[in-house]
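Input: a single structure, listed below in structure tokens.
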Amino acid sequence: ATIRGCTIADNTAVQLGGGLASSNNALTIDRSVISGNTVRGLGGGINQSGGSLTLTNSTVRENRAEGTGRGGGVCIASTTAPSMIRGCTIANNSAFEGGGLRGFESTAVTIQNSTISGNSAVRASRWASPDAGWRPWPARPSCGRKVYPPVRHGAIARAPPARGAASRGRWRGPGRA
């Protein structure tokens with residue numbers, strides 16, 4: 001499925017994808033704005049389960065995953081092919097965990113020429129970035145190790161630390177996580 005040049009705003013969902021949910025598909029979102037959406041589950045703006053996500057030249061802002069929700073802006077779960085975020089801004093989203101991005105049990109996600117900033121999470125984990133807005137995932141869940149996807153020519157900005165936990169993730173400043 002391809003979504004191009006669209007605005008998806010001010011929607012609400014109970015469990016998956018406040019703005020948009022995709023399952024077992026290759027989803028491409030290009031030159032679009034995902035904003036002001038809310039979920040009480042996974043993916044305030046976008047939830048991608050299975051398949052892959054290609055998000056390019058888009059803005060994901062001011063979305064929320066409420067309660068114990070994960071992935072305020074984007075949640076990528078159990079994908080079967082590599083995903084890509086390129087030329088995007090993921091900003092001012094909030095969640096219980098992974099304010100900007102939250103991924104788990106997924107293949108690699110490459111982030112290029114993108115800015116992830118101003119996101120907030122209630123709980124940080126030892127794999128969260130300093131802004132608690134991005135949570136990396138293992139390349140292969142069964143191997144028991146965490147692999148950080150590359151961030152090229154982009155920035156992950158610092159925001160206020162998450163409440164109740166110190167950020168202990170590895171973060172080397174703009175351009176590399």
Side-chain angles (χ1 to χ4, degrees), residues 1-66 68-119 121 127 129 133-141 147-154 156 177:
T2 300
I3 296 170
R4 184 169 285 122
C6 292
T7 298
I8 299 171
D10 304 319
N11 298 289
T12 302
V14 176
Q15 193 172 35
L16 299 174
L20 170 62
S22 174
S23 182
N24 299 316
N25 293 305
L27 175 63
T28 299
I29 301 171
D30 181 46
R31 297 185 316 266
S32 295
V33 175
I34 315 293
S35 68
N37 301 292
T38 304
V39 71
R40 289 194 63 79
L42 303 176
I46 302 166
N47 183 73
Q48 175 67 33
S49 302
S52 65
L53 173 65
T54 301
L55 183 63
T56 56
N57 305 312
S58 295
T59 299
V60 180
R61 69 171 188 250
E62 299 168 2
N63 298 287
R64 296 185 324 260
E66 296 181 332
T68 57
R70 288 157 171 82
V74 180
C75 185
I76 301 172
S78 305
T79 55
T80 56
S83 292
M84 166 72 75
I85 297 172
R86 181 185 315 122
C88 294
T89 297
I90 299 174
N92 303 320
N93 300 287
S94 62
F96 176 74
E97 194 173 272
L101 277 172
R102 180 22 163 110
F104 54 94
E105 296 177 5
S106 294
T107 57
V109 173
T110 301
I111 301 169
Q112 295 179 329
N113 302 324
S114 294
T115 300
I116 301 170
S117 66
N119 300 292
W127 299 290
S129 70
W134 177 63
R135 180 178 170 151
W137 38 90
R140 292 184 356 229
V147 177
Y148 293 75
V151 177
R152 292 192 173 86
H153 310 293
I156 296 177

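Source: prediction; values computed, not measured. Numbers for residues simply follow the sequence, beginning at 1.
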**Report entry** Within-4.5 Å side-chain heavy-atom neighbours: Ile29 and Ile46
**Finding:** yes
**Report entry** Check: Leu101 and Ile111 side chains under 4.5 Å, non-hydrogen atoms
**Finding:** yes
Requested in this report: Evaluate the criterion side-chain contact (heavy atoms from CB on, under 4.5 Å) for residue pair Glu97 and Arg102; output intermediate values, then yes/no.
Outcome: CA-CA 7 Å; Glu97 194 173 272; Arg102 180 22 163 110; 2.7 Å; yes
Looking at every non-hydrogen atom in both residues, tell me the closest pair between [X] and [Y] and how far apart they are.
X     : Y     : value
Cys75 : Gly43 : CB-N, 3.6 Å
Gln48 : Thr79 : CG-CG2, 4.1 Å
Ser52 : Ala81 : CB-O, 3.7 Å
Asn11 : Ala9  : ND2-O, 3.2 Å

Would you kindly say whether [X] and [Y] are connected by a side-chain donor-acceptor distance under 3.5 Å?
X     : Y     : value
Thr38 : Arg64 : yes
Asn47 : Ser49 : yes
Ser35 : Glu62 : no

Query raised in the report: Rounded to the nearest 0.5 Å, how far apart are OG1 of Thr56 and CG of Leu53?
Result: 9.5 Å
Query raised in the report: side-chain contact (heavy atoms from CB on, under 4.5 Å) with Ile3: which of Leu55, Leu20, Asp30?
Result: Leu20
